[in-house]
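To start, the structure under review is shown below, and the notes come after it.
Basis for what follows: all heavy atoms, side chains included, without hydrogens, waters or symmetry-related copies. Index from 1, following the sequence.
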Amino acid sequence: MMNRILHCSEEQTTRSLFSPFQVIKCKAAVAWEAGKPLSIEEIEVAPPKAHEVRIKIIATAVCHTDAYTLSGADPEGSFPVILGHEGAGIVESVGEGVTKLKAGDTVIPLYIPQCGECKFCLNPKTNLCQKIRVTQGKGLMPDGTSRFTCKGKTILHYMGTSTFSEYTVVADISVAKIDPLAPLDKVCLLGCGVSTGYGAAVNTAKVEPGSTCAVFGLGGVGLAVIMGCKVAGASRIIGVDINKDKFARAKEFGASECINPQDFSKPIQEVLIEMTDGGVDYSFECIGNVKVMRAALEACHKGWGVSVVVGVAASGEEIATRPFQLVTGRTWKGTAFGGWKSVESIPKLVSEYMSKKIKVDEFVTHNLPFDQINEAFELMHAGKSIRTVIKL
């Protein structure tokens, strides 16, 4: 059977007749090459194949990781590509063999899948499912091909999600089914930044009640870490950033106090050790700067301090400290997506948001239409936004 091509508006009214065999024409923000603005194009989105799901994206946020890849610094970055990994939408159709999802389901695409079968999924110590890691890293679906074309050219997928498109196709193990009453222009943030920071505190560090924490970098992820530390019962949370404009919002999220390293003549780790009678119990690096990672570790208390690397450093960067820092009882850890086993955890986080246990709305500082997506990157680079949500 030949694939039928339909435009978005036409597709809406004929979905039940032709889905999932049709090719859909829709708008997407295509990154044709590194370092250039995204271009709004009409693309073709092929039907989902076996164990794949096609999703109508309702809202997506812009994250520093998207900008990192667009800059050309990402070693896995390939072009042309449709970026985006903080999205939410509605299942339009499913491929053969998909049993846990159906058309009409409200979902969040996941850049870390959960197959439930690989040795990583079966180990409670990690969330790093490897089932489709190789093809995902190449910008392809699990069968080694793409579902996107534009102007006769194949367009690559990104992080297994590609949410900068009105329609996307993802593996069925990369989808979390969520409460249909959840506002998608808010919970899309649970697809990356908010979940990552919150989980770094409650899952990876396992912050304890009464503890002292330091959070380096007060962007979206750092604010989510502060929120996690507060939920976990930390008694003192110190925010660290060179941009004082971020301090007020950090305090709204739960920071006890905020400091600027540029206000001191000595290294920030020494400042924190003096402030906290020997160092913090937990520290978090939310920037991706290897020098700050060292400072965060060395700001930890001797004997039990734990430092978590949350920020992603540039390719080829290496971390350093004196081994004695570790010999004397400090622990250096890392986290990806906050340690959440994605398919099972994201619906629970949405429920926590709906019950007001965790904040999400407060991370959204700007809302823009799809054709202004490049402005979202400009706001982020200028430090004027926490998260900008794009309505598709």
Side-chain angles (χ1 to χ4, degrees), residues 63-65 67-68 73 193 196-197 200-201 204-205 207 211-230 234-302 304-314 317-322 324-326 328 330-335 363 365 379-386:
C63 173
H64 279 91
T65 309
Y68 172 61
T196 297
T204 307
V207 170
S211 56
T212 297
C213 304
V215 180
F216 292 75
L218 301 178
V221 174
L223 293 176
V225 170
I226 290 173
M227 178 174 70
C229 292
K230 186 177 181 182
S235 60
R236 190 178 182 189
I237 305 169
I238 304 168
V240 184
D241 202 296
I242 58 173
N243 183 350
K244 289 183 177 181
D245 293 341
K246 296 183 177 181
F247 290 178
R249 189 177 294 271
K251 290 178 180 177
E252 290 173 14
F253 274 82
S256 318
E257 60 215 281
C258 296
I259 58 175
N260 182 344
Q262 295 176 340
D263 290 343
F264 303 91
S265 57
K266 63 179 70 173
I268 194 63
Q269 52 266 53
E270 293 182 22
V271 174
L272 286 162
I273 288 169
E274 289 179 7
M275 287 175 63
T276 57
D277 188 28
V280 299
D281 302 309
Y282 302 96
S283 71
F284 302 85
E285 199 279 351
C286 307
I287 303 164
N289 182 312
V290 293
K291 292 181 179 178
V292 179
M293 291 174 191
R294 177 173 189 161
L297 174 80
E298 295 177 359
C300 286
H301 202 289
K302 181 188 292 186
W304 63 77
V306 175
S307 187
V308 180
V309 175
V310 190
V312 178
E317 295 272 19
E318 297 182 352
I319 51 175
T321 192
R322 292 178 180 172
F324 196 66
Q325 293 285 335
L326 304 180
T328 51
R330 296 171 190 84
T331 302
W332 222 343
K333 304 181 80 172
T335 188
F363 288 87
T365 53
L379 287 166
M380 182 170 61
H381 289 311
K384 294 179 180 177
S385 65
I386 299 301

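The shortest non-hydrogen separation linking Ala73 to Tyr68 is O-OH, 3.4 Å. The two residues Val280 and Ala214 have their closest heavy-atom pair at CG1-CB, 3.9 Å. Cys229 and Val207 get closest at one heavy-atom pair: SG-CG2, 4.1 Å. In plain terms, the two heavy atoms of Cys258 and Ala250 that are nearest each other are SG-CB, 3.9 Å. The nearest pair of heavy atoms linking Ile226 to Ala255 is CG2-N, 3.5 Å. Here the shortest heavy-atom pairing between Ile242 and Pro261 reads CG2-CD, 4.0 Å.
Remark: the backbone N or O of Ile319 is not paired with any side-chain donor or acceptor of Glu317 at under 3.5 angstrom. Between the side chain of Ser211 and the backbone N or O of Ala234 there is no donor-acceptor pair closer than 3.5 Å.
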Next item on the list: Evaluate the side chain to side chain contact (heavy atoms under 4.5 Å, CB included) criterion for residues Cys286 and Val215: first the C-alpha distance (whole Å), next the side-chain angles of each, then the deciding distance (0.1 Å), finally the verdict.
Entry: CA-CA 7 Å; Cys286 307; Val215 180; 4.1 Å; yes

Note to self: One pair to check against side chain to side chain contact (heavy atoms under 4.5 Å, CB included): Ile237 and Val225. What are the steps and the verdict?
What the structure shows: CA-CA 10 Å; Ile237 305 169; Val225 170; over 6 Å; no

Margin query: Using side chain to side chain contact (heavy atoms under 4.5 Å, CB included), reason through Phe247 and Asn260 one step at a time and then give a plain yes or no.
Written below: CA-CA 9 Å; Phe247 290 178; Asn260 182 344; 4.1 Å; yes

Notebook entry, point to check: Do Val308 and Tyr282 pass the side chain to side chain contact (heavy atoms under 4.5 Å, CB included) test, and can you show the C-alpha distance, the side-chain angles, and the key distance before you say yes or no?
Noted result: CA-CA 8 Å; Val308 180; Tyr282 302 96; over 6 Å; no

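Within the model, atoms CZ of Phe216 and CG of Asn289 stand 11.0 Å from one another, a figure rounded to the nearest 0.5 Å. Ser307 contributes atom OG, which lies 12.5 Å from atom CZ of Arg294 (distance to the nearest 0.5 angstrom). Taking CG of Asp277 as the start and OG1 of Thr212 as the end, the distance is 9.5 Å to the nearest 0.5 Å. Considering CD of Glu298 and OG of Ser283, their distance stands at 10.5 Å, rounded to 0.5 Å. The OG1 atom of Thr276 sits 7.0 Å away from the NE2 atom of His301 when rounded to the nearest 0.5 Å. The structure places CG of Leu218 at 8.5 Å from CG of Asn243, a figure rounded to the nearest 0.5 Å.
Counting heavy atoms from C-beta on, the side chains of Ile238 and Leu272 come closer than 4.5 Å. Within the 4.5 Å cutoff, side-chain heavy atoms of Thr331 are placed close to those of Lys333. At least one side-chain heavy atom of Val310 sits less than 4.5 Å from a side-chain heavy atom of Thr196. Annotation: side chain of Arg330 is in contact with side chain of Leu297 (closest heavy-atom distance under 4.5 Å). Between Val292 and Val240 the shortest side-chain heavy-atom distance does not fall below 4.5 Å. For the pair Trp332/Met293, a side-chain contact is recorded, criterion being any heavy-atom separation below 4.5 Å from C-beta on. By the 4.5 Å heavy-atom criterion applied to side chains, Val306 and Thr204 are not counted as neighbours.
Applying the ring pair (Phe, Tyr, Trp, His ring centres under 6.0 Å) rule to His64 yields no partners; only residues at least two apart in sequence or on another chain are considered.
Among residue pairs with one or both ends in residues 255-267, those qualifying as salt bridge (charged side-chain N to carboxylate O under 4.0 Å, His left out) are Arg236-Glu257, Lys244-Asp263, Lys266-Glu274; sequence neighbours excluded.
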